[in-house]
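All remarks here apply to the structure that follows.
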Protein chains: 2
Amino acid sequence: MQLKDLAKQLNVSVSTVSRTVNGTGRVGAKTRERILDAIKQTGYQPNEVARSLKRRSARTLGVVVADLSNSFYSKVIKGVEKVASENSYNVFVCNTDEEVGKEEEYIRVLLQNQVSGLVIATVGSDVRLFQPYIDSGIPFVFIDNLPLLEERFNLVAIDNAKASRSITQHLVDQGHRKIAMMTGPLNQSTSSERLLGFRKCLEDNGIMPEERWIGVGTFKQEYGYRMMREWLLNEDRPTAVLAANDFLMYGAIKAIYERGLKIPEDIAVACFDANDETGLISPGITAIIQPAYEIGSIAAEIIMRREHDKGRKQYEKIELEPVLLLKQSSMGNKG
Amino acid sequence: MQLKDLAKQLNVSVSTVSRTVNGTGRVGAKTRERILDAIKQTGYQPNEVARSLKRRSARTLGVVVADLSNSFYSKVIKGVEKVASENSYNVFVCNTDEEVGKEEEYIRVLLQNQVSGLVIATVGSDVRLFQPYIDSGIPFVFIDNLPLLEERFNLVAIDNAKASRSITQHLVDQGHRKIAMMTGPLNQSTSSERLLGFRKCLEDNGIMPEERWIGVGTFKQEYGYRMMREWLLNEDRPTAVLAANDFLMYGAIKAIYERGLKIPEDIAVACFDANDETGLISPGITAIIQPAYEIGSIAAEIIMRREHDKGRKQYEKIELEPVLLLKQSSMGNKG
DNA sequence: GCTGTTTGCGCAAACGTTGTCTCAAATCGA
DNA sequence: TCGATTTGAGACAACGTTTGCGCAAACAGC
């Protein structure tokens, strides 16, 4: 069933039907009634692809994340989705597995599909590849990581350095001096900023950061495990460890337990984004919790604002406040 | 940049450019070279929306799940995505929050967007609403739950009744006689089938299922907690409990611990889909593990088969084998 | 009743592709 | 060298919408 058939059936022109469907232009009250009735009866559904082609924009948002099964991202997606569906947009979700190549490919595909805007948790693709699109006004909203080498973008994120300082300060306040940190690749700003905040905090407290206790690797559990194991091999080991995300933390804890050590008695643990839906992980993990859902919904809202008010050329950088959640994993007695 | 511009630039017709882009029809070697070069230089990207309109099908798969942050579904999605991208399709992901209305709405939207096929973990929407599409040959592939009142569909799932029997049998083998079960709404086949298998197994073992120890509610943690608490209030309590998914199990465990009981010493626990990425939940949970990733990829493959061989009118029902993962939560001594 | 404005609706041209139908030119066999 | 065949490439009509333009009818003001 399409516009044409409906029009024929009712002896009106396609334009008239189209206008009543969209509520645009002028249509007589009587004809409108008839058309609306017919639509209900026949169950006509407009072809969105044709619409998108005509209006040169699909009412669609693209979301590119590194890992769908990471609950931080799935919350972000839910946030995006909520705002999208409120505006009757829908959402393309893409999963890059943290591969730059895949990320670039997906962004390209999304743009070819005429998305109205993109929400990207980049792992470092070269955004300049998409310059023509950016210039043509398609909003790119970054969350989490900053893009490389590019100024013209919107951002929704927490202040990672600051958050990192605050959680590190908490460890220091607990009496720790020998604090280790593990993080992902430094070309991701979440990594570098969190490390920066960590260093800054230690220095502010007159503690010299120990380079051997700074682990820069990947954001995966495997790396957290390996790094922690290495640190624990040595007699002189850290009394606290900060992990830049939850996967690293899980790996670290595994190594700690394997070594027969206790948390927080022997070693305190804290991280970013610990997310225990089950409530069963014990001890509870002290962590910086990002407002993931809000990050997603605000990112989508930025795109919506651009949609309603094209032309707008300014970029929004929105900083959200994370929460420092204190749990047992860091509340031992130490010094 | 579009076909037209490229054509003008090279003094050839749009058709010729289109043909070389798609590798269809005949184009002289020399012209092809020139065109390919120009494409590289200008970075021309075809407009997928126009293509989709023309060929009356977007190379796109729709996936409708109840809960994105459920790792079972996110694995399914990854599976779908893998196959899709291998075939240069992409994937619309929709989240229904277990609401039938949302589910129907999303299916509608996806169809309006001319998806080539749908992968649906239904929570009970009325598929007959989409009869015209089904008849027109758009493949619907159900995973997890069966659709209501409709015969013409593809299915990829485990045999829930059988799996349920096997995990129940395991509890019986451990010496349990007083076994409780909690599950979601019975209009979802995962619920009803799992309950059926549970009953069947008890009966086969000459155990009379106790109706008071059968909880039918929702698949949420909250319900697992409430139900378990109720059961534990009574002096005469079950010595083992089977939960139809992991959320219910988490809730149940919370109630058990609150009551000061031990797993598995006081009460054994088993469930479907327990998924402890962290490896930190203790004791480990005995569970039926579904091959989620395979479910997704096979579902997508079914759609791909249909794409290559339209006309095919048969429906595929594929049954996958789950794994019964034995852990400490059920390995106590009991009778 | 005559001009001037509004209202309702149809026509037709887009939107960016693909694919069928041409037809001229090139190639072939004898 | 001549017809027969193959090959290369252009014209043009789709695909299902939206929308600017135009025109007749209806309505207003005087």
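So you know, we letter chains A, B, ... as the sequences are listed, proteins then strands, and number each from 1. Given the structure is predicted, the values throughout are model-derived calculations rather than measurements.
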Straight-line distance of B:Tyr315 OH to B:Arg152 CZ, nearest 0.5 Å = 6.0 Å
Can you give one letter per nucleotide of nucleotides 7-15 of chain C, 5' to 3': B if a protein heavy atom sits under 4.0 Å from the base, S if only from the sugar-phosphate, - if neither?
-> BBBBBB-BB
Judged by modelled atom types alone, do B:Gln114 and B:Thr60 share a side-chain donor-acceptor pair under 3.5 Å?
-> no
Have A:Asp5 and A:Tyr44 got a donor and an acceptor in their side chains that come within less than 3.5 Å?
-> no
Below 4.0 angstrom, N of the basic side chain to O of the carboxylate: do A:Lys30 and A:Glu33 qualify?
-> no
Ion pair A:Glu316/A:Arg306, N-O distance below 4.0 Å | yes
Between [X] and [N], is there a side-chain N or O to OP1/OP2 distance below 4.0 Å?
X: B:Tyr44; N: C:dT17; value: yes
X: A:Ser18; N: D:dT18; value: yes
X: A:Arg51; N: D:dT18; value: yes

Please report, rounded to the nearest Å, how far the [atom2] atom of [N] is from the [atom1] atom of [X].
X: A:Asp5; N: D:dT17; atom1: CG; atom2: C1'; value: 13 Å
X: B:Gln114; N: D:dG16; atom1: CD; atom2: C1'; value: 9 Å
X: B:Ile39; N: C:dT17; atom1: CD1; atom2: C1'; value: 13 Å
X: B:Glu48; N: C:dT18; atom1: CD; atom2: C1'; value: 13 Å
X: B:Asn113; N: D:dC15; atom1: CG; atom2: P; value: 20 Å
X: B:Ile35; N: C:dT17; atom1: CD1; atom2: P; value: 14 Å

Salt bridge (Lys or Arg N to Asp or Glu O under 4.0 Å) between B:Glu81 and B:Lys78, worked out | CA-CA 5 Å; B:Glu81 236 207 4; B:Lys78 282 187 179 179; over 6 Å; no
